[in-house]
Amino acid sequence: MKPIIRTERHKDVLAIITENPPVNALSQQVRQGLKESIVQALEDDSIKAIVIRCDGQTFFAGADITEFGKPSIGPILSETLDVIEAAEKPVVAAVHGTALGGGCEVALACHYRVGVPSAKLGLPEVKLGLIPGAAGTQRLPRLVGVENALSIIVGGAPILAEKALEIGLLDAIVGEDSLAADSIAFARAQIAKPIKRSSEGVAHQDGIKNPDLFDEFRTKNARGLRGFEAQNAALNAVKAATEMPYNEGVKKERELFLELMQSTQSKAMRHYFFAERAAGKIDNVDPSLPLIPVKKVGVIGAGTMGGGIAMNFLSSGIPVTILEMQQNALDHGTSIMRKNYERTSRKGRITVEQVEQALGLLTQTLDYKDLADCDLVIEAVYESMDVKKQVFGKIDKVVKQGAILASNTSYLNVDEIAQATKRPGYVLGLHFFSPANIMKLLEIVRGAETRDDVLLTCMQLSKTIGKVAVVAGVCDGFIGNRMLSPRQQQATALILEGANYWDVDDVLLEFGFPMGPFQMADLAGIDIGWHRDPFKVSTIREALCSAERFGQKSGKGFYDYDEARNRAPSEEVKAIIGDFAAKEGHKQRTISKEEIRERLLYPMVNEGAKILEEGMAQCASDIDVVWINGYGWPLQTGGPMLWADTVGLKTVVAGLNTHNLPICDYLSSKAESGETFN
Ligand code: 3H9
């Protein structure tokens with residue numbers, strides 16, 4: 001077996017090289033090996049400088065997350081890092097790939113850091129509900145200043161090498177293909193110079209001179225901080241760097257780190273980390289199958305969905321041919337795509353050149369024949385089985401053999417659609433979420449006959465276009481919309497029974513959703529699918545339309561909106577709902593927020609259990625990935641199924657019983673036997 005750590009002697013410089021695939025996580029063996037190698041190098045008088053680097057795809061990508069929650073075996077990372085930093089010989093970190101978390105902390109403990117241009121550095125611990133635990137919150141502000149440190153530690157997003165150089169996190173950028181040699185040369189040039197230690201840096205003076213910086217950061221990032229324990233702890237840890245000597249600050253960081261490690265939020269977020277990776281694997285499909293090359297994509301329909309879907313591929317450099325029935329619809333759709341791109345560019349997220357580059361890859365057509373040479377065609381037309389079947393019949397005739405045909409349907413039976421073609425093996429569902437160019441989730445709907453290479457190709461493609469994909473079986477609404485349905489039913493039932501509709505929204509907001517169902521209805525437009533007859537009122541939505549309350553766009557829907565789109569509950573709407581409920585014979589009563597919460601969320605868990613019972617999701621954590629990425633379920637609870645595990649399945653079943661709501665066999669038997677979903 002190859003050793004995890006080896007050393008290479010380059011005259012007076014020693015390179016300590018780690019190879020611990022896949023991401024060089026800082027496992028116990030790595031921490032131990034690093035520490036021992038440094039100690040040996042310090043004892044050898046012929047070694048004058050040291051380089052720490054990694055083989056494989058990346059520098060250390062962090063602590064080994066699989067060790068979390070297990071008894072820790074020393075040395076802990078900070079012990080190894082303290083030995084590195086205390087060295088009286090220059091130690092250089094040579095960074096490629098992603099130096100993340102503990103990996104970035106290794107680099108911070110070294111006296112110098114060099115990196116290749118494509119390297120990224122960051123402290124993403126908050127995404128796991130943690131903060132850096134090996135003095136990152138104390139060394140980084142002393143090296144790059146509080147303002148930069150807050151953005152890296154509390155924000156959690158990695159920065160590119162160029163930015164790292166600009167703020168002083170890197171000392172030099174070296175050749176993309178000559179990191180090993182360049183880092184040795186760099187280390188040699190530091191021999192006999194005074195040693196620079198991050199823990200002795202003074203860049204954190206910005207936060208000492210202006211302590212208001214922390215409150216300003218808090219105000220500016222209020223949304224990202226709301227409800228997240230780790231982000232708040234991270235801010236406090238960086239603040240400690242300005243209020244305490246280094247060693248005290250490290251102690252404070254350790255306390256906060258250990259506290260978070262035991263927290264429900266961190267456990268949930270670590271569950272999500274592995275859930276997302278598990279979702280990328282497809283049951284019973286050989287991951288080494290050859291993929292179908294996708295060099296050109298066809299999109300049918302230039303409406304909101306079609307345009308958004310097309311943008312994903314264009315932005316990733318894949319040419320798209322977009323088809324519509326009428327020239328004016330095509331013009332309208334593509335002009336909206338341009339507007340969306342230009343808006344993103346004005347926000348500084350992409351350059352003007354990138355806008356033109358993306359749109360330069362777009363071909364417009366009214367003729368199905370122009371889709372002939374596409375490798376993947378995605379249909380995004382009106383949600384009607386007849387229309388979809390017609391479209392699939394047509395594309396089957398013109399599109400080359402071996403190409404994948406996908407439907408963006410959100411509810412319909414993909415197997416039935418596939419039967420409209422002579423190649424059902426090449427048909428599947430690719431369910432994007434609106435706005436399709438932004439929302440991360442993609443449901444890949446596996447039909448009865450969908451080929452393995454088709455599934456695998458689409459899973460791989462989802463990564464290329466920056467989506468998180470989950471495989472779903474063919475059932476009404478697949479995973480996401482199927483679970484949304486009982487929540488919507490309860491939301492309506494609750495307001496008919498007397499709950500304030502704003503309380504229903506507020507319960508979900510307090511839980512951590514970005515929006516409640518009635519705010520959502522206002523945003524989407526109450527009049528979607530309305531028959532336009534103000535005298536025909538059979539639902540609350542129709543009653544609102546009759547009162548010309550169409551949602552945000554008309555300034556009033558469930559809520560009244562001011563110029564800045566701030567919402568205020570409406571007494572008129574409360575009365576409309578009351579009248580409607582009386583007409584339908586519903587008795588009104590006061591309903592507690594607790595009841596609202598249970599009735600909104602427990603039926604979703606029950607539906608999730610049914611989905612698992614029927615094998616429509618591969619595993620419970622896939623359901624969590626769907627709800628977190630597609631519907632704003634709060635990440636810090638780990639998704640609906642992990643949340644149910646946390647609350648306790650017995651409690652969920654008891655709640656459903658109290659409210660006379662259905663309980664499926666799968667859920668009740670799991671609850672009875674004391675099991676969990678995950
Ligand atoms: C930390 O460092 C705390 C410290 O401050 C303090 C300690 C005292 N450990 O994502 P991929 C696995 S917290 C163990 O598909 P990519 C992953 O599960 C940590 N395993 O690859 C997957 O396994 P499998 C801070 C890990 O190329 C495989 O590697 N660091 C770890 O798309 C491939 O992963 C982070 O939060 C890990 N740390 O992306 C970084 N990381 O094949 C977390 C990955 O069995 N990692 N695995 O499914 C990442 O962001 C991405 O994995 C990375 C590569 C960008 C590195």
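Atoms within a ligand are numbered from 1 in the order they appear, just like the ligands themselves. We number each residue from 1, following the sequence as shown.
Among protein residues, Pro22, Val23, Ala25, Gln57, Ala61, Gly62, Ala63, Asp64, Ile65, Phe68, Thr98, Leu100, Gly101, Gly102, Glu105, Pro124, Glu125, Leu128, Pro132, Gly133, Phe257, Phe273, Phe274, Arg277, Lys281 come within 4.0 Å of ligand 1, judged on heavy atoms.
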Let me have the donor-acceptor pairs involving side chains of residues 152-163, under 3.5 Å, with sequence neighbours excluded, atom names and distances please.
none

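Centroid-to-centroid, the aromatic rings of Tyr631 and Phe433 come within less than 6.0 Å.
Listed by chain and number, the residues in a ring pair (Phe, Tyr, Trp, His ring centres under 6.0 Å) with Tyr112 are Phe186 (sequence neighbours excluded). With sequence neighbours excluded, no residue forms a salt bridge (charged side-chain N to carboxylate O under 4.0 Å, His left out) with Lys220.
A cation-pi arrangement is found for Arg277 relative to Phe273, the charged atom lying closer than 6.0 Å to the ring centre and inside a 45° cone about the ring normal.
With hydrogens and angles ignored, the 3.5 Å screen pairs a side-chain donor or acceptor of Arg197 with a backbone N or O of Glu85.
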